[in-house]
Amino acid sequence: MSLEFFDHRRGPADKYSWVPPFDWSVGYENDQWWDDVRYYYVDEPWFVQVLEDGAEVARVELDDPGGINPEYTGVPDLGEDERLEIQLIEVATTAARRGIGTRVVQDLTKRHRGRRLFAYSEEADEFWASLGWDRFDHPDGHARALFIQPPR
């Protein structure tokens, strides 16, 4: 089944009243990621709602262009026009273990051709590695691993 992507940005709406029109009845393991307080602290929030057969199955927060910590070693130099950060990505609990996350990331790379997507792993190193993305570790050994989509 195909996935539908809906971009949600605050635009000119009031900073303190806007929340993305997610289906709030859908359960997620990390509900705190989608807490509406979070939207107040992002200057230009960009969220993607993913539907399958009309039902929400995933959410993504993007940061354009996002920032790469210069302390990570061996990271390729990606210009602002080239990079796009996946801040958060999560599959709904009812849609877990069906390959939705992989499909979402693959479709995002197609939607944003000419960009290199990257993400700091939130305890999902195996997921990002399974996509074939390049891994970079912080020298302190404690910071989250950085994964960057390989060049095309």
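Position 1 is the first residue of the sequence, and the numbers go up from there.
Heavy atoms only, all atoms of each residue included: Pro45 and Trp18 are closest at CG-CZ3, 3.7 Å. What you find for Tyr120 and Gly67 is that their closest heavy atoms are OH-O, 3.3 Å. Asp63 and Leu84 make their closest contact through O-CD1, 3.6 Å (heavy atoms, listed as atom of the first residue, atom of the second, distance). Between Pro150 and Gly132, the shortest heavy-atom distance links the atoms CG-O, 3.4 Å. Listed here is the closest heavy atom pair of Leu62 and His112: CD1-NE2, 4.3 Å.
In this structure, CG in Leu117 is found 14.5 Å from CZ in Phe147, a value given to the nearest 0.5 Å. If you take CZ on Arg59 and CD on Gln49, they are separated by 7.5 Å, rounding to the nearest 0.5 Å. Here the CD1 atom belonging to Ile68 is positioned 5.5 Å from the CZ atom belonging to Arg83, to the nearest 0.5 angstrom. How far CZ of Phe5 is from NZ of Lys110: 9.5 Å, rounded to the nearest 0.5 Å. Going from atom CD1 of Ile148 over to atom OH of Tyr72 covers 10.5 Å, rounded to the nearest 0.5 Å. Atoms CD and CG, from Glu85 and Leu78 in turn, are 11.5 Å apart once rounded to the nearest 0.5 Å.
Using a 4.0 Å cut-off between charged nitrogen and carboxylate oxygen, Glu82 and Arg116 count as a salt-bridge pair. No salt bridge links Glu44 with Arg9; every basic N to acidic carboxylate O contact stays at or beyond 4.0 Å.
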**OP:** Test side-chain contact (heavy atoms from CB on, under 4.5 Å) on Phe136 and Asn69 and set out the steps.
**Re:** CA-CA 11 Å; Phe136 301 91; Asn69 183 334; over 6 Å; no
**OP:** For Asp140 and His142, run side chain to side chain donor-acceptor pair (under 3.5 Å): C-alpha distance rounded to whole Å, both residues' side-chain angles, the deciding distance at 0.1 Å, then the answer.
**Re:** CA-CA 5 Å; Asp140 73 7; His142 300 292; 5.7 Å; no
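At distances below 3.5 Å, not a single donor-acceptor pair connects side-chain atoms of Arg135 with backbone N or O atoms of Ala129. Formation of a donor-acceptor pair under 3.5 Å by the Asn30 side chain with backbone atoms of Gln32 is not found in this model. Side chain of Ser121 to main chain of Ala145: no donor-acceptor pair is present (N/O by atom type, distance under 3.5 Å, no hydrogens or angles). Listed for the Gln149 side chain is no donor-acceptor partner under 3.5 Å among the backbone atoms of Thr109. A distance-only check finds no donor-acceptor pair linking the side chain of Glu52 to the backbone of Val57 [under 3.5 Å].
Within the 4.5 Å cutoff, the side chain of Glu56 has heavy atoms near those of the Tyr28 side chain. Using a 4.5 Å heavy-atom cutoff, the side chains of Glu122 and Trp33 are in contact. At a threshold of 4.5 Å between non-hydrogen side-chain atoms, the residues Arg103 and Val50 do not count as touching.
Using a 4.5 Å cut-off between side-chain heavy atoms of Ile, Leu, Val, Met, Phe, Trp and Tyr, with links allowed through other members, Val60 and Ile100 fall into the same hydrophobic cluster. Cluster annotation: Ile86 and Phe118 are assigned to distinct hydrophobic clusters (Ile/Leu/Val/Met/Phe/Trp/Tyr, side-chain heavy-atom contacts under 4.5 Å, transitive). In the hydrophobic clustering of this structure, Leu108 groups with Leu3; members are Ile, Leu, Val, Met, Phe, Trp, Tyr whose side-chain heavy atoms approach within less than 4.5 Å, directly or through other members. Phe6 and Phe47 fall into different hydrophobic clusters, where Ile, Leu, Val, Met, Phe, Trp and Tyr residues are linked whenever their side-chain heavy atoms come under 4.5 Å apart, directly or through other members. Residues Val19 and Trp46 fall into different hydrophobic clusters, defined by Ile, Leu, Val, Met, Phe, Trp and Tyr side chains chained together at heavy-atom separations under 4.5 Å.
Ring centers of His8 and Trp34: at least 6.0 Å apart, outside the cut-off.
In Arg97, the CZ atom is not crowded: 12 or fewer heavy atoms of neighbouring residues, nucleotides or ligands sit closer than 6.0 Å.
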